[in-house]
Every structure is written in structure tokens, then in C-alpha cells.
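Beneath this line is the structure, given in C-alpha cells, with notes to follow.
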Amino acid sequence: MNHHGHKQPPAKKFKPGSPPVKPKMQAAIHCGPKKMTVEEQRRSLPIYLARSQIIAQLRKLDSVVIIGETGSGKTTQIPQYLYEASIGRQSIIAVTQPRRVAAISLATRVSEERRTELSKLVGYTVRFEDVTSEETKIKFLTDGMLLREAIGDPLLRKYSVVILDEAHERTIHTDVLFGVVKSAQKKRKEQEKQPLKIIIMSATMDVDLFSEYFNGAPVLYLEGRQHPIQIFYTKESQSDYLQAALVTVFQVHQEVPASHDILVFLTGQEEIEAMTKTCRDISKHLPDDCPKMVVMPLYASLPHSQQLRVFQNAPKGQRKVILSTNIAETSITIPGIKYVVDTGMVKAKKYNPESGLEVLAVQKVSKAQAWQRTGRAGREDSGICYRLYKEEEFEKFEEMTVPEIQRCNLASVMLQLLVLRVPNVHTFDFMSKPSPDSIQAAIDQLHLLGAVERKGDQIVLTPLGKKMAAFPLEPKFSKTILLSPKFHCTEEILTIVSLLSVDSVLHNPASKRDEVQAARKKFISSEGDHITLLNIYRAFKNLGKNKDWCRENFINGRNMTMVLEVRSQLRDICIKLSMPMESSRTDTRNIRQCLAHGLFMHAAELQPDGTYTTVDTHQPIAIHPSSILFHCKPACVVYNELLHTSKCYMRDLCVVDADWLFEAAPDYFRRKLRTTKK
DNA sequence: GAGCACTGC
């Protein structure tokens, strides 16, 4: 272990070809061919050599930043070292993860290493699942879950240590937690309560930022077990990255042994499906002495069963080629990748606080992201990475991906901060501050929803706002639920909001378009997507939540099951708030009225020329092709979100009366009218 | 006339 002051630049630590990438559980699971006992495995980790030094440091320090290369074992071992050394043993050690699966698999792994039953000494808490008990001392949880817990107890008194893992990913939840744990630590010290130890764990990015933010916390560096990776850049700049990727894949394919699998990073579903087809076509016509190629697409909306195929080995003598979005950067770790092809491009969301518009666009990756991709080639053995851009181009990439908190609508975050009773949301101690415009836009939005009001120069939550914060939803959806008793349709609104807050339940395989349309016909409502989804849910419920029915109707059964879980969670919250649970049965008018009242800020009107403009800023927008109403021209609609891709599209529409909108927010629309008249 | 990166409460 090297122990540096935080001012030293960490980048020099890395040998060329040994990029800073982060560890994944799979590394420990697929550890080696020889069977080792759990104890032998723990001792064989690089981190074990530094165990006593680490313990001494952790005992001494209130806050520490730990930088660990891949395979260092920091996430599984450090919580155990703390426990074994009786540091923070009087209460619970929390370890956060950005993803559910990681929290679950890490807890499972560590409980095996402790030889205890999961939920006893070691447990986990994620949404819908709490596998902990009175005995639990080491608890893995999602960052979002710890943030939820903080709402009930901003000082996090349950915990003696909070470890924020994968901090370099800078998820919006981790970024808010930085501020929450920092303030909890300070307050607990002031009130002479049990101290809170903070451990930030990260790959090598942002070290100085982390250390400075936590009052100059020392940085510990851990050696990893990353295999060397050779990197090749292109000689010339590539104007067509798809063509470049195709050429590279087949060049590699014809030159290296078939057992070496290739992972290609592309930007989206359509591109990946097209490239899959091209690769399959070309590979059919290769010379006989060339190995066969198994091409697999990989992206998030691919059905789970098809995603799992990337873990199967290709038949002997054949090469696996995986064409993936950035899902293979962090969420899915594929063993045995020898070659990575990095196009240097990614599809990502940007947010413009002025227009309130989210733009989804193909853009260049950051250096950190390029390193992350490269690292996917060296997990089990040395690897090779082809970067489809020149080295000079790479040097011009942004160092870091912009943290999520600077890229999205902050309405939920601001509501959360207010319910956490932070003194002033405008001056909250963010590690990377969002723009003042972005914060103000979120406050304005909460104001329109009736969640906040101004008292003097302070912004405070209204009783309605406090209720809204109880729901794990975007504020506009919590508001819609809270409005629903007025329209006697809480049961239906719960269903609709649940359907909208999980991945789409509609499965649309491109090859079976006509069949899909025929099957879907019976659910379609001319009143829009919300009511259509409600019809689908009702049919699903009435037919006993049948799996065959899902398949026949091109409904994603897994996502439908998620809907049931979300719905029951939201319903429990309604009951705790003593809301009357009524159903509007066959009447859809009041459901649409309720949606109009909740989503009035997202309304659009048909213009004489047949196009649409938003009611608030008169921006031209179009109906997204995925909408039931794509071919229709209703006079007035509300929508869930605007998304700018090739055009500005509204997604998920509901037909409403213009009058309902004015009833919902007379002041707001009067103001809008005035501005439009001049 | 034509389309959707990835998480999470």
C-alpha cells in the first residue's frame, strides 16, 4: 500500500496499459481454475498484504478516500477488516452500491466469506427487499436506498461507518449522499454523539476532488490485479465509426485464434441491430479456413433471456463477438473478453435548464469512460484494445464524464433536500455544484406543483410537498397520485404511475411488427397511452397474471411483475397517508382529468398547420412514433416527458380538454396567455 | 411522417 498526501497527482501511479478501472464481483467469482478455500482466497487478494496498515489507518481517521485498482478486493475486504478490528462494531457498517445486483451479490459473497447465513451478520437492503436482521453489522445497500433512509434520519444514527463505493461513477444519489454524510458527521461531532466514519471508495478518478471535499481526507492507494492491455489508436481520423468498427472486427477475426472474444462498444439499439445483421451476413461469406463467428447484440431493452446469451461460450472453434451499448461498461461484466473495440462514442442525455429539455445525443466519451471500456479487455488475462480514433483525438476528450447531478432535472433532488431539512438548497454543499439556473428551475417546478412556498427569503416545504416526498417518484407523479382522491380514481392512477415508472411493459420485436400490432389492437384507447396501458394492466390482472398471455400479447412479463411490486409499494404509502382508495371503474374521463391536473406543465396544443407546440413556451414538438396517438391529431394533450433526439418528441400522451388545464392552474395559464398575446 | 444511452427510490 502506498500512502500519499492528497495533493499528489494519482495519475502517475498507472503504468501505460494498466488503466484505472474498477473491480466487479465477477472477478472474485471467476477467480481461477484451482479450488481455494474461502480463507485462502481472502489471503491471496493483493489487499491482504496491507491489511494491518489499512486497519491502523482506518482506526485513526474520520474520513478517508480509498483508491483501488481492479481486483484489489477492497469492496469485499474492507468492511470485514473493520468488523474484525472492532471498528464501528457497536453499530452497523453501511456499504453503498449504485446498482441493486451489485449490492445483492456483494452481500452474498461476504456472508459466504464470514460463513454466516445471509441476513444475519451480513445483509442487504434494496428496494422491495430487506435481507437484514437485528444481528446485521455489515449492510450492503443501494445509494438510493441509503438516501431514502436519510429522510427518516438525516444523522444516519444507525450507522457507525458509511462506505460510499464506486464513488467515481458519480450517480446522482451518491452525489447527494456526499453532502448528507458530511453534514451528519459534523453534526454528530458537535452533538457529541457516536462519531461517523466516512470511507469513499473509487477507481482513480477525482481523487483530489474527493479529498478536498472531505476536508483534506488522506488517500490510500491499493494495488490491483489488472492484466496489461495493449492499446492501438488509428493513424487517421475516422469519419465513419461504424465502418471502422466493422473493418476492425473482421481484421481481428481473420488474424487471431477463435477463442479470443471481441467486445465492441456502440451507441444504441438500432445501430447494434443493424451491425449485428451486417456482421452475420459478412461472416457467412468468409473463406473456409476462417473461423465461424457468433454475433450477439447487447443493450438494456433486450429481453433478459437474450442478454444472458453473452455469458455462454461460443461453440468450440467459433468466436464470440458482442456488440454492446455502454451497458457492458459497468452493469454487465462479460468474462473472457480479449479484444475491445472502442468507437469512442456514446449516446447520453444532456439537460438544458433554460428550456427544461433533455437532449439524447450521440457524443464523444470522456477519457475516464474510454479507460473503463479498455479495462474490459484485461479481466482474466492480458488484452488488446482498439481505439477507433487518433491518440491526439483522445487527448482532447473531456477528462471526466460530467456527473449526473449536472445533467438532469433536479426537481426530485431539491424535494429530497428540503425534506432532509437542509438550511438552504441554493447553497447546499455539493461536491460538483449544479448550475444556479438548474436549481432555480427545479424550485420553480416544485412551486408550480404546490410543493414549496416562500417564507421571507426561505423556501419551505408545504404539507403537500412533504407528502410528495414520501413517494419514490418524480414530483409530478407523486402530485398526480395525491390529486387522485379528488377525482375518485386513486386505484387507476396508481396503476398508471406504476406502469410509467418501470421499463416499458410493451415488447416490440422489429421482426414481428404485424403480429404485435394485431395483438395490441384490443387494448388501444383513442384517449392515449396512459389509458391503453391501463387496459393492458387490467387484462393482465383479470387473466390471473398469466405468463403465456404475456407472450401471446408481446408484454414483458418481468416488467409487468415489477409494476405489481411498485404499485403495492405506492399503495402502502397512500394508505399510510390515509388516502381514500377509490376506483373510477369504467369511467376514464376523470382519470384523464386527474392526469391533466397533475401534468399541466407538460401540455401541447394542435396548431392549424397540423403540428404541435407546447402550451408554456410554444416550442414546436412532435408525437413520438412509439405513441398510440402517433397517427392521430388530438387537439390537446398532456405528456410525460419531452425528449430531443432527431426532433423534439413528446412521449406517453393523454388526450385532455383544454378547459381542464385552465382549471388546474389558472394563474399559470393566464400568465402564459399574456405572454403569447404580445 | 418515423424511433428509445444507463441506473435507482
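Throughout, a chain's letter reflects where its sequence line sits, starting with A, and its residues are numbered from 1.
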Does [N] have its OP1 or OP2 closer than 4.0 Å to a side-chain nitrogen or oxygen of [X]?
X	N	value
A:T645	B:dC4	yes
A:T325	B:dC6	yes
A:H624	B:dC4	yes

Exercise. Does any donor-acceptor pair link the side chain of A:S626 with the base of B:dC4 at a separation under 3.5 Å?
Worked result: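 Indeed there is one.
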
Nucleotide [N], atom [atom2] - distance to [atom1] of [X] in whole Å:
X	N	atom1	atom2	answer
A:L606	B:dG1	CG	P	16 Å
A:Y299	B:dG3	OH	C1'	13 Å
A:E166	B:dG8	CD	C1'	15 Å
A:R407	B:dC6	CZ	P	13 Å
A:D529	B:dG3	CG	C1'	14 Å
A:I332	B:dT7	CD1	P	7 Å
A:Q97	B:dT7	CD	P	15 Å
A:K633	B:dA2	NZ	C1'	12 Å

If you check every side-chain atom of [X], which of [options] has the closest atom?
X	options	result
A:R100	B:dC4, B:dA2, B:dG8	B:dG8
A:Y649	B:dA5, B:dC9, B:dA2	B:dA2
A:P625	B:dC9, B:dA5, B:dA2	B:dA2
A:R127	B:dC9, B:dA5, B:dC6	B:dC9
A:D503	B:dC9, B:dA5, B:dT7	B:dT7
A:T142	B:dC6, B:dG3, B:dC9	B:dC9
A:R99	B:dG3, B:dC6, B:dG8	B:dG8
A:F630	B:dC6, B:dG8, B:dG1	B:dG1
A:R148	B:dC9, B:dG8, B:dA5	B:dC9
A:R513	B:dC4, B:dA2, B:dC9	B:dA2

Exercise. Under 3.5 Å, is there a donor-acceptor pair between the side chain of A:D153 and the main chain of A:L155?
Worked result: yes

For this session: Kindly say whether A:I531 contributes a backbone atom to a donor-acceptor pair with the side chain of A:S525 at under 3.5 angstrom?
Result: no

Just to be sure I understand the rule, does [X] reach a base, reach only the sugar-phosphate, or reach nothing, if contact means heavy atoms closer than 4.0 Å?
X	answer
A:S646	sugar-phosphate
A:L360	base
A:T171	nothing

Exercise. Is A:R387 positioned over the aromatic face of A:F394, cation under 6.0 angstrom from the ring centre and no more than 45 degrees off axis?
Worked result: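 The answer is yes, since A:R387 meets both limits relative to A:F394.
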
Problem set entry | A:W371 six-ring face occupied by A:R376 cation (under 6.0 Å, within 45°) | no

Seminar exercise, completed: Separation between OG1 (A:T132) and CD1 (A:I92), nearest 0.5 Å, reads 7.5 Å

For this session: Taking the six-membered ring for Trp and the single ring otherwise, decide whether the centroids of A:F210 and A:F178 are under 6.0 Å apart.
Result: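 For A:F210 and A:F178, the ring centres are under 6.0 Å apart.
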
For this session: Could you tell me whether A:R567 and A:E491 make a salt bridge, using a distance below 4.0 angstrom between a side-chain N and a carboxylate O?
Result: yes

Problem set entry | Contact nearer the 5' end of DNA chain B, comparing A:N326 with A:L473 |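 That would be A:N326.
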
Seminar exercise, completed: Contacts of A:K647 and A:G268 projected onto DNA chain B by closest heavy atom; the upstream (5') one is A:K647

